[in-house]
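The chain is numbered in sequence order, starting from 1.
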Amino acid sequence: MDPKYKDVIVVSAGDNIVLDADIHGKPTPDIQWLKEGKEMDKILRIEVRITQKYASITIKDCTRLDGGDYDLVLSNCGGTKSIPIKVKVLDRPGPPTGPLRVTGIMSDKCHLSWSEPLQNGGANISHYILEKRETSRLSWTVVDSNIPSVNYKVTKLLPGDEYIFRVMAVNKYGIGEPLESEAIIARNPYKPPSVPSTPEASEITKDSITLSWNAPESDGGAEIKCYHLEKRDKDGVRWTKCNRQKLTDLHFKVTGLSEGHFYEFHVSAENEAGVGEFSDLSLFYRAINATTPPGPPHHPKVTDHTSSSVSLSWGKPATDGGAYIKGYIVEMKEVSSEEWIICTPPAGIQATRLTVESLKENAEYNFRVCAINSEGVGEPADVHGSVTASEKIEAPEIELDADLRKVVSVRAGGSLRLFITIRGRPEPSVKWEKEDGTLTERAQIESTSSYTMLVIDNVSRFDSGKYNLTLENKSGTKSAFVNVRVLDTPSSPQKFEVKDVKKDSVTLCWDTPLTDGEAKITNYVVEKRESTRKAYTTVTSNCTQTSFKVDELQEGGIFYFRVCAVNEYGFGVMAETKNPIKVAQVPMPPGKVTLVDVTKNSVTLTWVKPVHDGGSKIICYNVEMQPKSSDKWGVSCTVKVPEATVSNLTPGETYSFRVIALNEKGKSEPQELGVPVVAKDIEIEPSVHLLFNTYSVKAGEDLTVEVPVRGRPKPVVSWKKDETSRLAWTLVHGEVKTTTFKVTKLLKGNEYIFRVLAVNKFGLGEALESEMVKVTEPYTIPGAPTNVEITSVTSEEMKLTWTKPASDGGSEILGYIIERREKSGLHWVRVNRDLVKDLTAVISKVRRGCEYEFRVYAENSAGLSPASDPSPSARAEDELLVPSPPTKPKILDHTKNSITIAWKKPLSDGGAQILGYSVEYKNSEVTEWIVAIQMTKSNEFTVSGLTTDVQYVFAVKAINKVGVSEQSPVSESQSATERKEEPVFDIDIEMRKTLIVKHGNSFTLTAPFKGKPVPSVTWNKEEVDLKARASIETTETCTSVTIEKATRNDSGQYIVTLDNGVGTASLPVMIKVLDTPGPPTNVKITENTVTIAWSKPEYDGGSRITSYLIDALEKGQQKWVKCATVKANTHIIKNLRENAEYFFRVRAENHAGLSEPKEMIIPVVVKDQLDAPEFDMKNFPHNSVYVRAGSNLKFELPLSGKPMPKVTMSRGNAPVKCGKRFSYEVTPEKPPANVRISEVTKNSISLVWQKPPFDGGSKITGYMVERRDAPNGRWTKANFTNVIDTNFTVSGLTQDQAYEFRIFAKNAVGSISNPSLIAGPVTCVDISGKFIAATLLDISCYHAQQYYSHFITHGSVSSHS
């Protein structure tokens, strides 16, 4: 090889790499080129040449990826030679090694980091270039073009914008490929703080008020920087800021107030994330020096009275004396007394009502009320007349809520709660009844003087009906009713029966259920079960008729069937077959009937069994006969085998015969004997027809010899056999020395004769024969064990005992084998592997709850005994005990005559299911316990009938089938008094977040709550009748609203309100429905090319717009053609036919799909558009400009025309040329386009617009926003800093005020465009939950281009186009 290959081979990117070598070896070696130790891929730009003495490889147009380590490998049978070559390609570097990590994301900055490229292109990385791109734009912007390290801090990001970053490595050969990051949103990791407390006034003067408040509960994850305090005059509508300097304290003195005016205040907190929401509004405070006590309260009156109390109410004083009313004092006296007694605390009460208690019955009283402020107690206001402390008489009244006047629907398994407000004095008795039956024992009734409540938990279809409520007191009676409908699954189908049973199918029939569960029955489910199995399998789940044929059943199989109805609430109750159904039918008729024999009084017949038994075993056969003298068939005999002899026939009579097969399903069709038979004797000589003369059989097996015999009358048959089975003697032993010998290898059960012969030198003597001997065992198998019993049982093992057999069969018993069987099973299973030597055994590995029986075999040398009788069965379960005591009862609720307690189940149930609990209670001061209920299955119980204000304690006992547990620990003492709780929502933080729903889906808002008494619930959504649009369900503890097939109109705020008389609570819930976006708006064609532009949809469907799809339709064609998919709001459409007319349409796309298209009404002609030139002289009265001598003359004259007009200047009809003293120029200027309103709140309006179509030849540097009060206010600047983006939010506006807006563009040379078209008027209102309707599509006319001519001279102007 060339010595150059010892060094690194350096090649520039794009050149060819050529590696070659002369080769030697015998035999000629095999040649292989490797890169990085691996065989190189065969591609077009790699060329390999090999001859016997030369090898080369050429890589064309190399890149940095072709650099690395190459090996030339030569190999033959003599060895292997490898030559390494290192190649370095000088190229741009590869992409940096990912990922491109984005960390420390804030609203305006983030930190990026990456790793060096794996390929540096053969040169050191000098630096990196970092670029960013907003996902809503297509172009990349350079962040920094000279980054020396592999990390960078990016700043000046726009809050809320979504960015993608990319980084490229640079070496001396150029810029490498980029590495991109994932998209990130520039926003802080924390959020604005929560709401501070409501501001309260502490010091008030005629021109100042000092306010204080508490810090927010949450700082949003960042330290609170300051507070913003705002005030509003009661007579005004605008909020104004109170503090000019940064406010960090929790108090502030507001000055500069108008004397006598009322003010309200609210405050918000600010942290790094921004300003949080404002607090609730404060009270109205009047800016006035408090110099006098307040006036008398307004119109005090008696609202109620009893025999021991009087209730009063009053209004605020007409004058507060210039100070906040701190409270009220109520005084009373008996009419006969002169001394007034204070009924309230000395400091007074805040409320404007009071119930004075502990009064004397039938005594007469006077009352008066005074107000208090910081100056003291004001004048009293007397309650008119006197009041007698006596019971108020009122006839009973029932207030049925609007929902209760309709049918109350409740889902099965839920709780029925009928809460009804009642009145009546004295307190009326309450009686609930069910009109069409007795009230269920599960019904719980709670009644007070102000309401009654009927609660039925776990309702079923049988709880539907009409419930009557009756009130009665001295003044009369009052009744009302409520109709209740329980939405349940259907009841069981009626008259369920099996018809038309075939050999492999059955037909099931039934009637519809008695109750359909208040919903239409949609289908039926049919199931089957084999009698040997426990589980049902589904035959069909979509039967819509009241009958069904079940096919493909196993012939002769025994089945159970069941069916249930289905409605929208689920599967109903099953109707089952009471008895098993055998799948079979009557058998087929018997086969050919044959006459076997006939006598004068009998006939013998045989026949062939039926081809098919119908799926059920043939029980018997009926043989029927018909005498020739009769036309009736009669049963002559019944047999179980296919052969019969019919006797008692009349000699000489002619008979016909037929055979019928029977199974449990019935009779088959008859099979007749082909010819009539005459009853007469036939004489036949006896004969024997031997099939074989010799039979061979193995010793020990059975021998059967069948010999056909004929003869009439029937011959007598006898059998004879010779004396021995064999005639030949067999030598057992030829040289026995003694006079005894043991003979072995005899066959068990055979008979033998033995003989002995003496032998001397002269020969054999005479034989001595024995008697015949039969060979049998000297012992037999043992008898069966007896008395098999299970003596002890647990859930894990059983102990078994038995008695040994009465006989051991003559041989010692070696051991026992045990088998077990589940009670419901068929097969016995051996338990022990080795023989059990004792008469007892412990059986483990049993399944808890299974019932077993056992049997035992004994074994000796002869074999196994018969099985013993099975033992009595026993279930594998632990010994049963009484349960341990329940836990200490806790007090859940209490009223003036009842207390509700709850407890937890015992630690141990004693091995048996807890059947229920016994509840006991007693007065805390006595020792005798009273049983409240003998047994309840619930872990909660309400003890009623208690005495008001008496202290009670409670205890509970658990009960199982063995007995009753010890008493639980005694509960805490509790008095029987009314418990009242304000309603509150019991929700988690997820409920407070915005719920996002896809268009067309359903959603349910669920709000658990608490309150005593149970509050009434109302759901509201602005401008929507939820009772018509939604389904609302409410129980004692939870309420929900369900919207089916949600649309964008279902987005917004839903408010659920609770009210139980003690207080109210409201919960707002936000819903956002994800829909396809609305169509783009304001689609326009601009300039002299076909450039289409449009505005964003008014409604984005709840998801960010990802792209726009543009289609074109040539006039006269039918098919729309896709032009482009873009992310911007404008696009240039090319390759159109000149002078052709086109329609265009635009569709917006988000994650939910494509919007409806926005189509053009008027077609566009592809040609240049012409507009005559025109000057705008409105700013030049009399077409004149005045200037002082010696000064410069400069003016701008707007002109328009398309294409751009050519401008010439003349003076005194002579053309003027530009020079040092005189010059002019023409520049195009256009205002921003498509200004529109994107968002409106009660104090701000957001605007968006598009860049001007032309920037005047210089880059647009910013925009100015102006606003004015509609319709004729003065234009004022709305932005105080330069606006760079094409959107801006104008804040600090007044609620309910209408505004108009316009936009100016500025470019780099300082030129300011004409104002845009006016946007508005629009009114500041809170439109949370509403949507701005999409504007109708209108195609703007072609506007002439507007230009500005700048003149520096004096003269006349002309133009031509």
Using a 6.0 Å cut-off, check whether atom [atom1] of [X] has over 12 heavy atoms from anything other than its own residue.
X: Lys1010; atom1: NZ; result: no
X: Phe571; atom1: CZ; result: no
X: Arg442; atom1: CZ; result: yes
X: Glu277; atom1: CD; result: no
X: Lys392; atom1: NZ; result: yes

side-chain contact (heavy atoms from CB on, under 4.5 Å) between Thr1018 and Val1056, worked out: CA-CA 6 Å; Thr1018 56; Val1056 57; over 6 Å; no

Contact check, side chains of [X] and [Y], non-hydrogen atoms, under 4.5 Å:
X: Arg461; Y: Ser491; value: yes
X: Thr1323; Y: Gln1295; value: no
X: Leu469; Y: Phe481; value: no
X: Lys1027; Y: Val1041; value: no
X: Pro297; Y: Val369; value: yes
X: Thr198; Y: Phe265; value: no
X: Val195; Y: Asp280; value: no
X: Val984; Y: Phe1009; value: no

What pair of heavy atoms forms the shortest contact from [X] to [Y], and how long is it?
X: Asn1060; Y: Pro1015; answer: CB-CA, 3.5 Å
X: Thr1035; Y: Arg417; answer: C-CD, 4.1 Å
X: Val459; Y: Asp463; answer: CA-OD2, 3.3 Å
X: Glu264; Y: Arg232; answer: OE2-NH2, 2.7 Å

Distance-only donor-acceptor check, side chains Ser194 and Ser218, under 3.5 Å: no

Donor-acceptor pair between Thr1039 and Thr1034 side chains, under 3.5 angstrom: yes

side-chain contact (heavy atoms from CB on, under 4.5 Å) assessment of Glu940 paired with Leu892: CA-CA 9 Å; Glu940 182 179 314; Leu892 290 187; 3.5 Å; yes

salt_bridge(Glu427, Lys896) N-O dist < 4.0 Å: yes

Pair Glu972 + Lys888, salt bridge at N-O below 4.0 Å: yes

Candidate pair Ile398 and Leu471, rule side-chain contact (heavy atoms from CB on, under 4.5 Å), full reasoning: CA-CA 8 Å; Ile398 298 174; Leu471 306 182; 3.4 Å; yes

Side chain to side chain donor-acceptor pair (under 3.5 Å) between Ser409 and Arg485, worked out: CA-CA 5 Å; Ser409 297; Arg485 179 174 63 190; 3.0 Å; yes

Check: Trp903 ring centre within less than 6.0 Å of Tyr917 ring centre: yes

Near-ring test Trp314/Tyr328, centroid separation under 6.0 angstrom: yes

